[in-house]
Trainee: 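Structure below; questions to follow.
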Amino acid sequence: MAIDSSLPSPILTPPPNEKFATALQFIEEMTKNCDKVQENVLAEILGQNANTEYLQRFNLDGASDRDTFKSKIPVVTYEDIQPDIQRIANGDRSPIFCSHPISEFLTSSGTSAGERKLMPTIREEMDRRQLLYSLLMPVMNLYVPDLDKGKGLYFLFIKAETKTPGGLVARPVLTSYYKSDQFKTRPYDPYNVYTSPDEAILCTDSYQSMYTQMLCGLLMREQVLRVGAVFASGLLRAIRFLQLNWRQLAHDISTGLLNPRITDRFIQERMKKILLEPDTDLAEFIIKECENENWERIIVRIWPNTKYLDVIVTGAMAQYIPLLDFYSGGLPKPCTMYASSECYFGLNLKPMNKPDEVSYTIMPNMGYFEFIPHEPANPVHLSRELPPRLVDLADVEVGKEYELVVTTYSGLCRYRVGDILRVTEFHNSAPQFKFIRRKNVLLSIDADKTDESELQKTVENAYALLRDFDTTVVEYTSFADTKTIPGHYVIYWELLVKDPVHGPTGEVLEKCCLVMEESMNSVYRQCRVADNSVGPLEIRVVKNGTFEEVMDYAISRGASINQYKAPRCVSFTPIVELLDSRVVSAHFSPVPPHWTPERRV
Ligand code: AMP
């Protein structure tokens, strides 16, 4: 691969056009003046929201300086502000968090009481997010030139949206973006031309959307210079889709006729202009590549001009790197940006670095950022009465870990995002962060995030079914199995069956799988039902005594016998192998759980 990942600083290389030069200049200015920009951002946010109920509740009295803010405003979690959020959802239009009207709710993949968190946002935040997007290509262009000479094959999707009782739309941030005028009427930009027609991206039916995007990607295969999805799991899902649908896709290409399962009339109209006439050569090529059992390097075989995979593989997505490497022959995987529903944070200034070397530079203009030192042995006490003095963006120290806290233009004040970051170095006076992990996430396959207490609750709900069979669960653990596409949750159960003649049947254990899935949070169930991005949950029953063996193994590696607790999630290969070697039966959820976009009350 003729891509140089060792350029010292992107800013040293001359940019090709004025727009890019301005963007790079902007990054330089922001990062050189990190602390000053942060001070101004806070003053601007507090000035804008001085008359809000929230700031008045804490007697900020119009102050907009850091000291007063830090001494009066508590550091909060979603649960702390949830009653106020509910008021907005119910229709209260008074300025609770923000003086600007709340335009919609962004639904995060993080959940509270089993439902997606609702993040109020304002119209102008869309421009701020757009600004961050506009910085990505100028940086990328420094490492991979000529991206204006072809197209990007990106698998992009919108998700279902709902209305709150008060009439505000609630949807994920990317759905909000793809449905916005900024996206739909974006001016032509040779550096951002996608193979996917907007009609396909905007189709809510995930099969029709994916099918059309894949078909267009195949039709324009020579022009594709980068292949991507938001997260790694999304790109692998697309590869799996190709595995399952290549015959039909090749059929459409060889006949020039669109698959009759594509019934969306906007897509049909658009495809009339793209799928113009039969192309038997291309169809034969696709058949030849796809009927080959070996799918190694399939991405570069089908899209030979691909220079990189544009997917995020940091954080929970790192588990997909080996598979992406297999399918792409080890193409670079730049993780371009770090963002959330609460706030878009920043970008990766060295996108060609290897995934484990990726650091994100938080752009100081995006919001006001503070950091809670993360030292598990010495946790910071966060009193509401005496708000703590947290570390400012410019003051974090290289090598230390922190939990991110944001204050946003939309009115979130000192809000704990839940991400743990480690400072790797500075670009000018702005720190760069390695994403370490999201707090409290035990299992994650796609957008789903399951924490320990959720897993405990779901397992307990399934226990109830075992009572009739005089059976109890001695011990359990879990594993995110990403060897299947889509990946799925595995729950290892060691059972104590008191009367083996009347123990639980396979059917009962399948029901247990389903009960667990029904008890999972709404993001998990949406991934299962609407997105097909998580496969059916599996229970693997292990031989009696297996968990004792796991304990022996842990102790042999230095765990304390007195303090030993069975891990609730395993990922360490020898332990997974040990568990797998003791499996006596495996059972899958027979049907998907229940899910609708409506929130459960
Ligand atoms: P959401 O609230 O659903 O928008 O998800 C935002 C969360 O996704 C962040 O708080 C992170 O935990 C995670 N995330 C976003 N971008 C990245 C990234 N580049 N690397 C790792 N995790 C990320």
Side-chain angles (χ1 to χ4, degrees), residues 77-78 85 104-112 115-121 125 129 132-133 136 139 157-159 161 170-178 228-235 309-321 333-351 353-363 366-367 369 371 374 401-406 408 410 412 415-422 424 432-451 521-524 526-527 531 533:
T77 62
Y78 185 79
I85 293 204
E104 62 183 301
F105 279 111
L106 301 178
T107 55
S108 88
S109 56
T111 54
S112 172
E115 294 296 333
R116 285 173 178 271
K117 291 175 186 163
L118 292 174
M119 296 297 164
T121 190
E125 273 298 274
R129 291 193 282 267
L132 191 65
Y133 284 128
L136 304 182
V139 173
F157 302 92
I158 59 165
K159 299 202 176 180
E161 55 187 50
R171 55 192 175 187
V173 61
L174 289 175
T175 300
S176 166
Y177 174 58
Y178 299 143
V230 179
F231 289 112
S233 54
L235 183 53
L309 303 181
D310 198 348
V311 282
I312 287 177
V313 289
T314 42
M317 291 293 142
Q319 60 193 344
Y320 296 107
I321 293 171
K333 294 165 283 301
C335 300
T336 52
M337 68 188 277
Y338 169 42
S340 77
S341 316
E342 294 89 341
C343 182
Y344 275 27
F345 305 121
L347 75 171
N348 176 0
L349 294 181
K350 294 181 188 159
N353 274 8
K354 295 200 180 74
D356 58 350
E357 291 165 1
V358 168
S359 288
Y360 299 100
T361 305
I362 293 187
M363 289 297 286
M366 298 303 290
F369 303 102
F371 297 84
H374 179 70
E401 288 188 6
Y402 299 91
E403 181 187 333
L404 177 62
V405 171
V406 289
T408 67
S410 301
L412 291 178
Y415 178 87
R416 298 172 76 168
V417 176
D419 289 347
I420 307 292
L421 311 173
R422 184 187 304 136
T424 52
Q432 303 189 297
F433 296 92
K434 183 178 167 105
F435 182 93
I436 300 299
R437 63 186 172 87
R438 201 178 161 92
K439 264 179 28 188
N440 302 332
V441 174
L442 211 56
L443 290 164
S444 173
I445 295 286
D446 187 47
D448 56 298
K449 299 174 178 70
T450 300
D451 68 24
N521 66 47
S522 129
V523 178
Y524 174 91
Q526 181 173 11
C527 287
D531 306 344
S533 56

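Remember, predicted model here, so these are calculated numbers, not experimental data. Numbering of ligands and ligand atoms starts at 1, following listing order. All residue numbers refer to positions in the sequence shown, counting from 1. When reading the values below, keep in mind they use all heavy atoms of this one structure, side chains included, and skip hydrogens, waters and symmetry mates.
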Trainee: Taking the side chain from Tyr320 and the backbone from Ile445, do they hold a donor-acceptor pair closer than 3.5 Å?
Mentor: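 A pair under 3.5 Å: yes.
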Trainee: Looking at Gly110 and Arg438, what are the two nearest heavy atoms and their distance?
Mentor: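 Taking every non-hydrogen atom into account, CA-NH2, 3.9 Å.
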Trainee: Mind checking whether Phe345 has a heavy atom under 4.0 Å from ligand 1?
Mentor: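 Under 4.0 Å: no for Phe345.
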Trainee: What residue and atom, counting heavy atoms only, is the protein's closest point to atom 8 (O) of ligand 1, and at what distance?
Mentor: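 For atom 8 (O) of ligand 1, the nearest protein heavy atom is Ala339 O, 4.3 Å.
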Trainee: Judged by atom type as modelled, is there a donor-acceptor pair below 3.5 Å linking the side chain of Glu357 to the main-chain atoms of Lys350?
Mentor: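 Not confirmed, Glu357 side chain does not pair with Lys350 backbone.
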Trainee: Go through ligand 1 atom by atom and flag the ones less than 4.0 Å from a non-hydrogen atom of Tyr360.
Mentor: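 In order of number, 18 (C), 19 (N), 20 (N).
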Trainee: Taking only heavy atoms of Arg438 into account, list the atoms of ligand 1 that are under 4.0 Å away from them.
Mentor: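 With Arg438 as reference, the close atoms of ligand 1 come out as 7 (C), 9 (C), 10 (O), 12 (O).
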Trainee: Students often mix this up, so state it plainly: with edges at 30° and 60°, are the rings of Phe345 and Phe369 parallel, tilted or perpendicular?
Mentor: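 The rings of Phe345 and Phe369 stand perpendicular, inter-plane angle above 60°.
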Trainee: Among all protein heavy atoms, pick out the one at the shortest distance from atom 17 (C) of ligand 1; state its residue, atom name and that distance to 0.1 Å.
Mentor: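 Checked against all protein heavy atoms, atom 17 (C) of ligand 1 sits closest to Tyr338 CD1, 3.7 Å.
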Trainee: Would you kindly specify which portion of Met317 sits under 4.0 Å from ligand 1, judged on non-hydrogen atoms: side chain, backbone, both or neither?
Mentor: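 Neither part.
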Trainee: I'd like to check which ligand 1 atoms, numbered from 1 as shown, lie under 4.0 Å from a non-hydrogen atom of Met337.
Mentor: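 Reading through ligand 1 atom by atom, the close ones are 19 (N).
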Trainee: Nearest heavy-atom pair of Phe433 and Thr424: which atoms, and what distance?
Mentor: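 Closest heavy-atom pair between Phe433 and Thr424: N-OG1, 4.3 Å.
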Trainee: Under 4.0 Å from a heavy atom of Ser108: give me the atoms of ligand 1 that qualify, with their elements.
Mentor: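 Near Ser108, the atoms of ligand 1 are 2 (O), 3 (O).
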Trainee: Scan Val358, Asp419, Ile420 and name whichever one has a side-chain contact (heavy atoms from CB on, under 4.5 Å) with Phe435.
Mentor: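 Per the side-chain contact (heavy atoms from CB on, under 4.5 Å) rule, the option paired with Phe435 is Asp419, out of Val358, Asp419, Ile420.
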Trainee: Below a 4.0 angstrom heavy-atom separation, can you tell me which part of Thr314, side chain or backbone, both or neither, approaches ligand 1?
Mentor: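 The answer is both, backbone and side chain.
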Trainee: Using a 4.0 Å heavy-atom threshold (strictly under), name the region of Cys335 that reaches ligand 1: side chain, backbone, both or neither.
Mentor: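 Looking at Cys335 and ligand 1, no heavy atom falls under 4.0 Å.
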Trainee: For ligand 1, which atoms sit closer than 4.0 Å to a heavy atom of Ser341?
Mentor: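 Those of ligand 1 that fall under 4.0 Å from Ser341 are 1 (P), 2 (O), 3 (O), 4 (O).
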Trainee: Hey, does Met119 sit under 4.0 Å from ligand 1 if you only count heavy atoms?
Mentor: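 No, Met119 has no heavy atom closer than 4.0 Å to ligand 1.
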Trainee: Give the numbers and elements of all ligand 1 atoms closer than 4.0 Å to a heavy atom of Ser109.
Mentor: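 That gives atoms 1 (P), 2 (O), 3 (O), 5 (O) of ligand 1.
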Trainee: When rounded to the nearest 0.5 angstrom, what distance separates OG1 in Thr107 from CE in Met119?
Mentor: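 Those atoms lie 10.0 Å apart.
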Trainee: Do the ring planes of Tyr338 and Tyr360 sit parallel (below 30°), tilted (30 to 60°) or perpendicular (above 60°)?
Mentor: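 The arrangement is tilted - the two ring planes meet at 30° to 60°.
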Trainee: Decide whether the shortest distance between a heavy atom of Asp419 and an atom of ligand 1 is less than 4.0 Å.
Mentor: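 Under 4.0 Å: yes for Asp419.
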Trainee: Provide the number and element of each atom of ligand 1 under 4.0 Å from a heavy atom of Val417.
Mentor: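 Answer, ordered by atom number: 10 (O).
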Trainee: In terms of atom number and element, which parts of ligand 1 are under 4.0 angstrom from non-hydrogen atoms of Ser340?
Mentor: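 Heavy-atom distances to Ser340 below 4.0 Å select 4 (O), 6 (C), 10 (O).
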